[in-house]
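Both counts, for ligands and for their atoms, begin at 1 and track the order of listing. These numbers come from the heavy atoms of this one structure, side chains and all, not from hydrogens, waters or symmetry mates.
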Amino acid sequence: MSKDTLTIVDNRTGKSYEVPITHGTIKAIDLRKIKVDAEDFGLMSYDPAFTNTASCQSKVSFIDGDKGILRYRGYPIEELAERSTYLETAYLVLFGELPSKKQLEQWTFNITHHTMLHENVKKFIDGFHHDAHPMGMLVSTVAALSTFYPDAKNITDKNCRLLQTYRLIGKMPTLAAFAYRHSVGTPYAYPDNDLSYTGNFLNMLFKMTEIRYKPDPVLERALDVLFILHADHEQNCSANAMRSVGSSHVDPYSAIAAATAALYGPLHGGANEAVLRMLKQIGDIKNVPSFVKSVKEGHGRLMGFGHRVYKNYDPRAKIIKTLADQVFEVTGRNPLLDIALELEKIALSDDYFISRKLYPNVDFYSGLIYQAMGFPVDMFPVLFAIPRTSGWLAQWAEMLEDPEQKIARPRQVYLGHDVRGYVPLVERKA
Ligand code: CMC
């Protein structure tokens, strides 16, 4: 008769242990009882970069990397991208269900009425160098918001958490837009409550002398779809940072700053920026084969390719590729598209990439759309951080409410020196 347990035989001692299997996992702490003798600390599992370790139980998003599936709260990403809006999706991600009409109106109202920043925030932004990277500005200013809302420390109070959720989802676009306006030297444009979430963001970025900014509906919707695609992605590097930093019970602004910093890296949300720089560096279709050759020889990576979980295709990349055509009809074709298409064609037929299951990911085409829409390259990771805020907050709330969670504190395998005596400076060898 089959049993949901695992029997482990320790060949060092000949002893056998039975540990329960739940949801296809064993608990690492169950290994602790496996000891050579009473003095022994007990067995640990070793998993650098968490390649085979579940750090939590979650109900937010689901990925099947082999089948190329992504779902938020059970809903396929393709359906949400086609039929939902970012704010509705954010509600779903955060609260687990699609909102009723009334709930959506209330939610939209609350987000819209938390988009303003304290005027002093502008002074921080003014202090940055004109060429400061907007992600650096975003990380710093979102952390600074914790000083404006000391009540946010009250993380066990659900209503208080909800208020910070409105504030963070409402204010991230404003911080991002102000950072952008600072870098181009134009005056800050304030939120317009009559516009949609993405329409208002475009307003705060691009409004010039006109009385009322009117976003292009195709671009407004395209950005909304991109925001839907970026809302959550289970236990990625920044979600893990959010949970890990949040597990110390710090306020959510500080935890979001940590998550945003994690996202900044070129292996994570900074990849969209790196893709664009790579395409510019390649410069011409004729240079694609030699570029691919140099990647295969170990000189750098093909940015926008590969994923820790997706080993077939990234469903977000598929949606973005279609979206690109709609955007280019309005903006004109991005000349780098041809290089990207050629790169994809060559990589997908090359054994190096096929054998390693490297496919275009979400970042491969998103940058081309952002650039065509008029965003400077260093704004790309910021465009990832804004929508991911809802996912981070959902992961954070889930972590706080999970009775099994504690402060995140991994173990290590110490391989350094054993104890040794201090050597005075004069006695040390050169
Ligand atoms: N170009 C060339 N080779 C690659 C690439 C790439 N983009 N990605 C992985 N490889 C190779 C890697 O060198 C290794 O080869 P070998 O077995 O010969 O040593 C093999 O594939 C496995 O790579 P890995 O580093 O063990 O894979 P990982 O799961 O740790 O890394 C990744 C995943 C996304 C960090 C990596 O694929 C990468 O660096 N991609 C480029 C950056 C990128 O596009 N990041 C965006 C990810 S999607 C957005 C997000 O959610 O963050």
Legend entry - Rounded distance (nearest 0.5 Å) linking atom CG of Asn193 with atom CD1 of Ile111: 12.0 Å

Legend entry - Nearest option to atom 2 (C) of ligand 1, as decided by whichever heavy atom of Val275, Leu263, Asn236, Val295 sits closest: Val295

Inset, instruction - Show which atoms of ligand 1 fall inside a sub-4.0 Å distance from at least one heavy-atom site of Leu267. - result: 39 (O), 45 (N), 46 (C), 47 (C)

Inset, instruction - May I ask you to identify the nearest protein heavy atom to atom 40 (N) of ligand 1, giving residue, atom name and distance to one decimal place in Å? - result: Phe305 O, 2.9 Å

Inset, instruction - Would you please classify the geometry between the Tyr310 ring and the His233 ring as parallel, tilted or perpendicular, with 30° and 60° separating the classes? - result: tilted

Legend entry - Identity and separation of the nearest protein heavy atom to atom 28 (P) of ligand 1: Arg308 NE, 3.6 Å

Inset, instruction - Describe, in one word, how the ring planes of Phe380 and Tyr370 are oriented to each other, choosing from parallel (under 30°), tilted (30 to 60°) and perpendicular (over 60°). - result: tilted

Inset, instruction - Give the ring-plane orientation class for Phe201 versus Phe227, where under 30° counts as parallel, over 60° as perpendicular and anything between as tilted. - result: tilted

Legend entry - Which residue and heavy atom of the protein sit nearest atom 1 (N) of ligand 1, plus the separation: Leu302 N, 2.9 Å

Inset, instruction - Give me the one residue out of Phe364, Tyr365, Tyr313 that meets ring-ring contact (aromatic ring centres under 6.0 Å, His included) with Phe305. - result: Phe364

Legend entry - Side chain, backbone, both or neither: the part of Thr51 lying under 4.0 Å from ligand 1 by heavy atom: neither

Inset, instruction - Look up atom 26 (O) of ligand 1 and tell me if a protein heavy atom lies less than 4.0 Å from it? - result: no

Inset, instruction - Would you mind checking which non-hydrogen protein atom is closest to atom 4 (C) of ligand 1, with the distance to 0.1 Å? - result: Leu358 CD1, 3.5 Å

Legend entry - Check ion pair Asp402-Arg243 (N to O, under 4.0 angstrom): no

Inset, instruction - Determine if the distance from atom 10 (N) of ligand 1 to the closest protein heavy atom is below 4.0 Å. - result: yes

Legend entry - Salt bridge Glu88-Arg83, side-chain N to carboxylate O under 4.0 Å: no

Inset, instruction - Quick one: look at Tyr352 and ligand 1, take heavy-atom pairs under 4.0 Å, and tell me if it's side chain, backbone, both or neither. - result: side chain

Legend entry - Nearest protein heavy atom with distance in Å, relative to atom 42 (C) of ligand 1: Met303 CE, 3.5 Å

Inset, instruction - Show which atoms of ligand 1 fall inside a sub-4.0 Å distance from at least one heavy-atom site of Ala271. - result: 43 (C), 44 (O), 45 (N), 46 (C)

Inset, instruction - List the closest protein heavy-atom neighbour of atom 24 (P) of ligand 1: residue, atom name, distance to the nearest 0.1 Å. - result: Arg301 NH2, 4.1 Å

Inset, instruction - Compute the centroid of each ring, for Phe206 and then for Tyr180, and state whether the two points are separated by less than 6.0 Å. - result: yes

Legend entry - Presence of salt bridge, Glu78 and Lys318, under 4.0 angstrom: no

Inset, instruction - Tell me which protein heavy atom sits closest to atom 50 (C) of ligand 1, plus the residue, atom name and distance to 0.1 Å. - result: His268 ND1, 3.5 Å

Legend entry - Region of Asn361 that comes within reach of ligand 1 [heavy atoms, distance under 4.0 Å]: side chain

Inset, instruction - Please work out which of Arg356, Glu234, Arg388 has its closest non-hydrogen atom nearest to atom 21 (O) of ligand 1. - result: Arg356

Inset, instruction - Indicate whether atom 7 (N) of ligand 1 is within a distance of less than 4.0 angstrom of some protein heavy atom. - result: yes

Legend entry - Selected option - heavy-atom contact closest to atom 34 (C) of ligand 1, from Gly300, Gly304, Gly306: Gly306

Legend entry - Side-chain (Asp64) to main-chain (Ile69) donor-acceptor, under 3.5 angstrom: no

Inset, instruction - Ignoring hydrogens, just give me the one of Asp363, Asp314, Val292 whose non-hydrogen atom is nearest atom 49 (C) of ligand 1. - result: Asp363

Legend entry - With Gln395, the side chain to side chain donor-acceptor pair (under 3.5 Å) member among Gln235, Glu234, Arg388: Gln235

Legend entry - Those atoms of ligand 1 less than 4.0 Å from some heavy atom in Val362: 49 (C)

Inset, instruction - May I ask you to check whether Phe109 and His113 place their ring centers less than 6.0 Å from one another? - result: yes

